[in-house]
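Working notes, structure below.
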Protein chains: 2
Amino acid sequence: MRPTVHDIAAAAGVSLATVDRVLNKRAGVRKVTRDRVEQAIERIGYVRDVAAANLAKSRIYPFVFILPSGDNSFMRGLEAEVHAAMARGPLERMVISIVKVPAFDAEALVAALDEVRATAPAGVAVVAVESPEVIAAVNRLRADRIPVVTLVSDLAGSARDHFAGVDNVAAGRTAASLLGRFLGGRPGPIAVLAGSMLVRDHRERLDGFRAVMDEDFPGHTLLPVIEGQDDPVLTEKLVSEALAASPGTVGIYSLGAGNRGLIAALKQRKDAPPVCVIAHELTRHTRAALNEGLIDAVLNQDAGHEVRSAVRVLKAKADGAAVIGAQERIYIDIFLKDNLPFDEG
Amino acid sequence: MRPTVHDIAAAAGVSLATVDRVLNKRAGVRKVTRDRVEQAIERIGYVRDVAAANLAKSRIYPFVFILPSGDNSFMRGLEAEVHAAMARGPLERMVISIVKVPAFDAEALVAALDEVRATAPAGVAVVAVESPEVIAAVNRLRADRIPVVTLVSDLAGSARDHFAGVDNVAAGRTAASLLGRFLGGRPGPIAVLAGSMLVRDHRERLDGFRAVMDEDFPGHTLLPVIEGQDDPVLTEKLVSEALAASPGTVGIYSLGAGNRGLIAALKQRKDAPPVCVIAHELTRHTRAALNEGLIDAVLNQDAGHEVRSAVRVLKAKADGAAVIGAQERIYIDIFLKDNLPFDEG
DNA sequence: AATTTTCTGATTTACGTACCTCAAATTTTC
DNA sequence: GAAAATTTGAGGTACGTAAATCAGAAAATT
């Protein structure tokens, strides 16, 4: 049988009350006694029964997810995953709530963070927008000992506890590598389509992409980055114009959302010479385009994994427990039409 | 506050004992009363507090992992992950043990399964070898209501509860798609290297690979499959011979283990024309080969994910709880030298 | 040495569920 | 309608930990 607090008391020759004081870092224990108890804990290999502890505390964990609003497919999927986590929450004594803020709006995000802070949650997950004010707001949360996890887009220079998202530089590098090899030496310029350079994930993808293109495939020139603001209509227009302006374009890297616009633009030029396309995020639209051959590969971050990881990490941090590093690393999924997972609605 | 058993009792107008009888499916409750209680449960939205229930039961979960012995890197990594899970086990009242059986040996596996069955564990995870006897042995476990999860290699036709592994047909298809596109029309035969056709995962990968090659890249002929038995020495010899016999070979698909032998063979022919190589399983050796450019892409199944998934599913099945489908789907990771994760020893 | 302060022990209650016993009420059977 | 069988109620103990109280012991201060 696993050792219990009683066993610690017996092993250390102290009372249960003292063990409790040590375990829960309560005051009123001399250093020598505390050491004796800690040695006993070590010696008999005690590990606190978290379930029993939480039961006794009748503790609940209020977690808040701060997500961008807007109608981008990926973010909608992310929100659905948070809702799924909400539904499972009670099983683990967690209560998850969602706060929405306009996309790419640092000021609104800061306001939301401060508002959330006032409710003293057990943890916060946030899709970050990069700005010094946001960093400061996150640091205020941390100063209140509230665990913070950045989700999808990281916040460098902040005191966030963890980033639940993919390595976006690697994603960009991978996109370049795939695109370069799929082109197999066919010369011509390459277009890059982004949402906004205000979010770190997009910038990092571009950096990674540029690095590998320059290094391994110097024959291709990169056209100026198209910023579509993750807006399908704007994107379609800009892409069509760009392709018309550079008719020899052989490849496109779409590193943000707004793929609906890209796909629409591609469909309009059916008879033109083929263009190799690498896009991000597997949605209904990119999946269809992949199957039709309009898109050659999709790099995806699994929103479900990210949300579940964020929840696990928040819980662990709130409990002061350890996180399993390897479990919380989110890999970039590469989908070709040959390894698409079955759709589940 | 969450409703408790007391609330059910009050809502249904029965005693706590009756609620308990209904909840734990004990005999001695009239149908009408049972219905009343179940309706009350539904109405007030009661969910059993699993932590408290397990505490009360002081239940522990003895799980057994049956793994192949031998010195194949992937299986060693898998075993290490099981050990990691063992170490974390006590936190969730799980006791995990490992049973090793010779690789590719159906008879030994059946013996092991029956021996394990005699110990009445709360769940069994097994790397399956396909044979009717193994299926029967697994079904005996299931007949004893012991949850069974197949790990890495599935067992079609058996009553196993779940398969914790990747879609190997998709893996083979993906390999073909990548290889075909990386070759970019360069003609020539393609060699396939397998471990043994006795395990389902290898056969499925080959099937998927063949299908896409035939369909999308009919220009390439497939050389006869080399069966290296996951043995580095044998593999090196066979691969060298095959390459010497077909000097025009442009691609190699290594769908099993034994990559050390393959890499050794590739190194020996440094000056020969380049061969595009797709291999399976990211190990120290394949990682190095990827970085050196000897291998072009590695398809990987994350052993850590598989083990953790198997554990979660076994626990859920033992508890009679639901599993989160999307969480338990194991994706194939595609690694190029550009998206290699940091090594952690 | 007396007093104050700090530390420690003993004991109790609570968390939500499981499981047991025994008696009482109800239903079924003849 | 009585006896038998079944169903229900009431109450308790247990699981391992948290948190509290209060008394007593030890240490520090005067």
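All chains are named by letter (A, B, ...) in the order of the sequence lines, taking the proteins before the strands, and each is independently numbered beginning at 1.
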Identify each atom pair where a protein N or O and an N or O of nucleotides 5-7 of chain D are less than 3.5 Å apart, giving names and distance.
| residue | atom | partner | partner atom | Å |
| --- | --- | --- | --- | --- |
| D:dT7 | O3' | B:R30 | NE | 3.3 |

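Salt-bridge formation is detected for the pair A:D35/A:K31: a Lys NZ or Arg NE/NH1/NH2 atom is positioned less than 4.0 Å from an Asp or Glu carboxylate oxygen. Salt bridge absent: A:R329 and A:D167 never bring a charged side-chain N and a carboxylate O closer than 4.0 Å.
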What is the per-nucleotide protein-contact pattern of nucleotides 14-24 of chain C, from the 5' end, where B denotes a base atom under 4.0 Å from a protein heavy atom, S denotes such proximity for sugar-phosphate atoms only, and - denotes neither? -BBBSB-----

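Minimum heavy-atom separation, B:E130 to B:L155: CA-CD1, 3.9 Å. What you find for A:S309 and A:I330 is that their closest heavy atoms are CB-CD1, 4.0 Å.
A distance of 5.0 Å separates CZ of B:F63 from CG of B:L314, quoted to the nearest 0.5 Å. One distance of note links CZ of B:R36 with CD1 of B:I41; it measures 12.5 Å at 0.5 Å rounding.
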In residues 317-327 of chain B, what donor-acceptor pairs under 3.5 Å come from side-chain atoms, sequence neighbours left out?
| residue | atom | partner | partner atom | Å |
| --- | --- | --- | --- | --- |
| B:D319 | OD1 | B:Y61 | OH | 2.3 |
| B:D319 | OD2 | B:Y61 | OH | 3.3 |
| B:Q327 | OE1 | A:R312 | NH1 | 3.3 |

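Looking at DNA chain C, the stems built from 3 or more consecutive Watson-Crick or G-U wobble pairs, each pair with its key distances under 3.5 Å, are C:1-6 with D:25-30, C:8-30 with D:1-23.
Following rounding to the nearest Å, B:R34 (CZ) and D:dG9 (P) show an atom-to-atom distance of 14 Å. Rounded to whole Å, the distance from CG on A:D7 to P on D:dC15 is 12 Å.
Applying the side chain to side chain donor-acceptor pair (under 3.5 Å) test to every pair with at least one member in residues 82-95 of chain A, sequence neighbours left out, gives these pairs: A:R93-B:D49.
Checking the phosphate oxygens (OP1, OP2) of C:dG9, a side-chain nitrogen or oxygen of A:T18 falls inside 4.0 Å.
The 12-atom threshold is exceeded at CD of B:E38, counting heavy atoms of other residues, nucleotides or ligands nearer than 6.0 Å.
Applying the salt bridge (Lys or Arg N to Asp or Glu O under 4.0 Å) rule to B:R142 yields the partners B:D161; only residues at least two apart in sequence or on another chain are considered.
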